[in-house]
Amino acid sequence: MPPALRRTLLWALAYGALGFAAGFAFGALRELLLIPAFGDRTGHLLEFPMVTGSGCAIGVWTGGRSKGPAFAIGVLGVLVLIAFESTMALGIMRVSLADYLAGYDLTRGALFPVGLALMAFAPVIGRKFSRR
């Protein structure tokens, strides 16, 4: 494997893993504190900017430090995050496939795809800021 491709994949793996870790932490916060205090929908809505902001901050940091193609790192990082998240939801937590896929349905009010799209572009923003 060419060294440049290897570095890009390692940055993407790190981005996805860190994004998943942030999502896991904020998911625990949502389930343990926000939903009991504010209800299901409001708890999700309060968590969304926190988890998306932290994921994008990780992406900006990644894009500013990596040498590989920033958009590729963003997209691959999101794919890594989805792989971890789907393994956790479907394999460990035994969420049904229908319920899992509902989390991606924008017509049902799901915000997860919006956060993933923002995360895909975050390394590009980080790259632009690092070149100033």
Q: Give the C-alpha distance, both sets of side-chain angles, the deciding distance and a yes or no for side-chain contact (heavy atoms from CB on, under 4.5 Å) between L18 and L81.
A: CA-CA 8 Å; L18 289 170; L81 183 146; over 6 Å; no

Q.
Can you confirm whether more than 12 heavy atoms, excluding those of F121, are under 6.0 Å from its CZ atom?
A.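 No, because the 6.0 Å sphere around CZ of F121 holds 12 heavy atoms or fewer from other groups.
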
Check: [Y] and [X] side chains under 4.5 Å, non-hydrogen atoms:
X: E47; Y: L29; value: no
X: P2; Y: R6; value: no
X: V95; Y: M88; value: no
X: V51; Y: R30; value: no
X: L76; Y: W11; value: no
X: T42; Y: L34; value: no
X: V114; Y: L106; value: yes
X: S66; Y: R127; value: yes

Closest heavy-atom pair and its distance - [X], [Y]:
X: G103; Y: P113; value: O-CD, 3.8 Å
X: T87; Y: A83; value: OG1-O, 2.8 Å
X: T8; Y: G68; value: OG1-CA, 3.7 Å
X: G74; Y: P123; value: CA-CG, 3.7 Å
X: H44; Y: D40; value: ND1-O, 2.8 Å
X: A122; Y: C56; value: CB-O, 3.5 Å

(Q) Is there a side-chain contact (heavy atoms from CB on, under 4.5 Å) between D105 and L101? Walk through the geometry before answering. (A) CA-CA 7 Å; D105 189 352; L101 292 176; over 6 Å; no

How many angstroms lie between [atom1] in [X] and [atom2] in [Y], if you round to the nearest 0.5 Å?
X: L79; Y: S86; atom1: CG; atom2: OG; value: 10.5 Å
X: L10; Y: I73; atom1: CG; atom2: CD1; value: 10.0 Å
X: Y104; Y: I82; atom1: OH; atom2: CD1; value: 4.5 Å
X: T52; Y: M119; atom1: OG1; atom2: CE; value: 8.0 Å
X: D99; Y: M93; atom1: CG; atom2: CE; value: 11.0 Å

Determine, using the 4.5 Å side-chain heavy-atom cutoff (strictly less than), whether [X] and [Y] are members of one ILVMFWY cluster.
X: Y100; Y: F20; result: yes
X: I58; Y: V60; result: no
X: F84; Y: L90; result: yes
X: W61; Y: M50; result: no
X: L46; Y: F24; result: no

Q: Check for a donor-acceptor pair, side chain of Y15 on one end and backbone N or O of V75 on the other, with a separation under 3.5 Å.
A: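 Judged by distance alone, no pair lies under 3.5 Å.
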
**Q.** ring pair (Phe, Tyr, Trp, His ring centres under 6.0 Å) partners for F26, two or more places apart
**A.**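 Partners of F26 under the ring pair (Phe, Tyr, Trp, His ring centres under 6.0 Å) test: none.
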
